[in-house]
Amino acid sequence: MKFAEEGNINDLESRVVYTGICCYCGACGGFCTEYIRYENQLPTTDEKCFELHGACFDFCPRTFLPILEMEKAVLGGVRSDKDLGYYTEIISAKATDAAIHEQGQDGGVVTALLTYLMDKGEIDAACISKNSETEKWKPEPFVATSKEDILAGAGSNYEQCPTIIGVANAIADGHENIAMVGLPCHVQAMRKIQLSDYFDVHGDKVKYVIGLLCTETFDRDLLLAKLAELGVKIEDVKKFDIGEGKFKIFTDGGQIDEKIAAMKSCMREGCKVCYDFAAELSDVSVGSIGAESGWNTVIIRNETGKKLIEDAKKAGAIETKEMADDKVELVRKLASRKKSGNLKNIMESAGALKLLNLLIDPSEMNLLI
Ligand SMILES: Cc1cc2nc3c(=O)[nH]c(=O)nc-3n(C[C@H](O)[C@H](O)[C@H](O)COP(=O)(O)OP(=O)(O)OC[C@H]3O[C@@H](n4cnc5c(N)ncnc54)[C@H](O)[C@@H]3O)c2cc1C
């Protein structure tokens with residue numbers, strides 16, 4: 001991969017962990033179980049390894065991210081859409097199977113695609129997130145190997161899950177054909193793993209990368225505090241959802257809404273510098289914004305994604321329809337809102353930039369160019 005930098009665990013700690021930009025994707029610890037473990041959702045070590053160049057640094061989406069080079073390598077083209085990245089088509093879709101549609105967060109497309117791939121024998125594992133059996137609503141990486149497993153992970157959990165640990169486990173367990181579902185940070189990590197010139201951890205076994213549109217994830221402690229403030233016990237929550245500018249909490253006792261703007265205070269620190277809404281390096285990205293209730297917005301980015309959607313449709317696993325331009329514009333608007341806000345955060349934390357001999361504050365760039 002062009003523009004790769006070299007670094008080790010010390011560099012990862014000083015540049016990513018101590019600066020508060022770690023996204024807890026699981027890429028560093030997933031592939032280095034010898035030295036790295038996670039504590040309070042951050043990588044930590046009891047003993048340092050002596051490598052000058054480590055896979056932990058190489059795979060992390062927050063150390064360096066040559067996004068346009070990666071886009072070219074993975075998708076075969078460069079974006080003309082700065083908000084949504086490179087894509088070939090945006091459509092609407094939903095699962096046709098009633099049980100999948102019922103259990104899915106929106107249209108159930110992600111679950112339908114995974115079960116279709118597994119039924120057809122195209123994959124032998126799906127790396128997804130599943131809620132913990134011991135801690136209510138705590139997302140955990142999960143390697144699904146059956147339709148029942150995939151269904152057990154359906155639905156959205158708005159906390160961060162170190163999904164890449166599941167990918168590392170699936171590879172270590174000998175799975176040969178893997179699909180993974182992830183947020184933009186997971187997808188970036190997965191592509192860095194696949195494109196690494198230095199470390200081959202068999203990332204090529206991941207044949208399908210399904211991205212989820214994402215504005216942010218919530219910090220567990222802050223979310224629990226918010227629920228307490230709203231008078232909700234996490235044990236009583238049946239579903240969380242985001243839509244119409246609201247964070248919706250469904251319990252047996254009814255629905256409680258909080259303005260999404262009021263949820264900003266619960267955002268994970270590391271999400272504040274994320275410059276990707278639409279999981280721009282996926283084969284296919286799936287979300288809800290812009291779609292009718294019970295449907296998904298689907299962004300097809302490359303041949304793998306196109307074939308997957310076409311084949312799943314032909315097999316009757318999903319139903320699709322066109323998406324009107326004004327609805328696509330809604331997706332773009334939300335992406336733009338995330339990006340412009342977070343770019344400001346990135347610039348503020350970057351400080352003065354050196355461009356050859358010029359030293360310039362990014363916020364004053366427009367005065368010169
Ligand atoms: C943190 C988060 C933020 C999101 N923000 C937006 C947004 O701003 N706008 C928008 O349009 N859509 C957003 N989405 C996507 C949306 O919630 C649905 O996941 C998407 O529409 C797919 O719907 P579905 O019915 O096909 O999903 P399903 O068929 O229910 O499948 C969802 C899949 O996502 C996996 N998953 C659930 N939670 C996580 C997690 N935390 N990390 C990794 N994988 C997970 C599940 O294991 C499952 O495989 C977000 C999702 C998440 C998890």
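Predicted model, so just to flag it, every value in this text is computed and none were measured. The first residue in the sequence is number 1, and the count goes up from there. Numbering of ligands and ligand atoms starts at 1, following listing order.
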I need the nearest protein heavy-atom contact for [atom]: residue, atom name and distance, please.
| atom | value |
| --- | --- |
| atom 38 (N) of ligand 1 | Asn157 N, 3.1 Å |
| atom 52 (C) of ligand 1 | Leu183 CD2, 3.7 Å |
| atom 2 (C) of ligand 1 | Tyr158 CD2, 3.5 Å |
| atom 33 (C) of ligand 1 | Val110 CG1, 3.8 Å |
| atom 34 (O) of ligand 1 | Leu212 CD1, 3.5 Å |
| atom 46 (C) of ligand 1 | Gly153 O, 3.0 Å |
| atom 7 (C) of ligand 1 | Thr215 OG1, 3.6 Å |
| atom 19 (O) of ligand 1 | Ser156 OG, 3.0 Å |

Less than 4.5 Å apart, any side-chain heavy atom of [X] and any of [Y]?
| X | Y | value |
| --- | --- | --- |
| Arg15 | Glu5 | yes |
| Glu216 | Lys272 | no |
| Val237 | Phe250 | no |
| Lys94 | Ile318 | no |

Can I get a per-line list of side-chain donor-acceptor pairs under 3.5 Å for residues 172-179, giving both atom names and the distance, sequence neighbours left out?
| residue | atom | partner | partner atom | Å |
| --- | --- | --- | --- | --- |
| His175 | ND1 | Asp124 | O | 3.4 |
| Glu176 | OE2 | Lys205 | NZ | 3.3 |
| Asn177 | OD1 | Lys207 | NZ | 3.1 |

Heavy atoms only, cut-off 4.0 Å: how does [X] contact ligand 1, side chain, backbone, both, or neither?
| X | result |
| --- | --- |
| Asn296 | side chain |
| Phe142 | neither |
| Glu216 | backbone |

Trace of the ring-ring contact (aromatic ring centres under 6.0 Å, His included) decision for Phe240 with Trp137: CA-CA 10 Å; Phe240 290 110; Trp137 280 98; 4.8 Å; yes
Any nitrogen or oxygen of [X] lying under 3.5 Å from a nitrogen or oxygen in ligand 1? Just yes or no.
| X | result |
| --- | --- |
| Gly155 | yes |
| Val181 | no |
| Thr163 | no |
| Thr217 | no |

Cation-pi, Phe199 ring and Lys192 (6.0 angstrom, 45 degrees):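 Not flagged: Lys192 not positioned over aromatic ring of Phe199.
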Where ligand 1 meets [X] - atom numbers and elements under 4.0 angstrom, heavy-atom basis:
| X | value |
| --- | --- |
| Gly287 | 11 (O), 12 (N), 20 (C), 21 (O) |
| Gly107 | 25 (O) |
| Ile128 | 47 (O), 49 (O) |

No-hydrogen, no-angle side-chain donor-acceptor test under 3.5 Å, Arg301 and Ser285: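 Their side chains do contain a donor-acceptor pair, which is all the 3.5 Å distance test asks for.
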Polar side chain donor-acceptor pair, Asn131 to Glu140, under 3.5 angstrom: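 Not at all, the side chains of Asn131 and Glu140 share no donor-acceptor pair under 3.5 Å.
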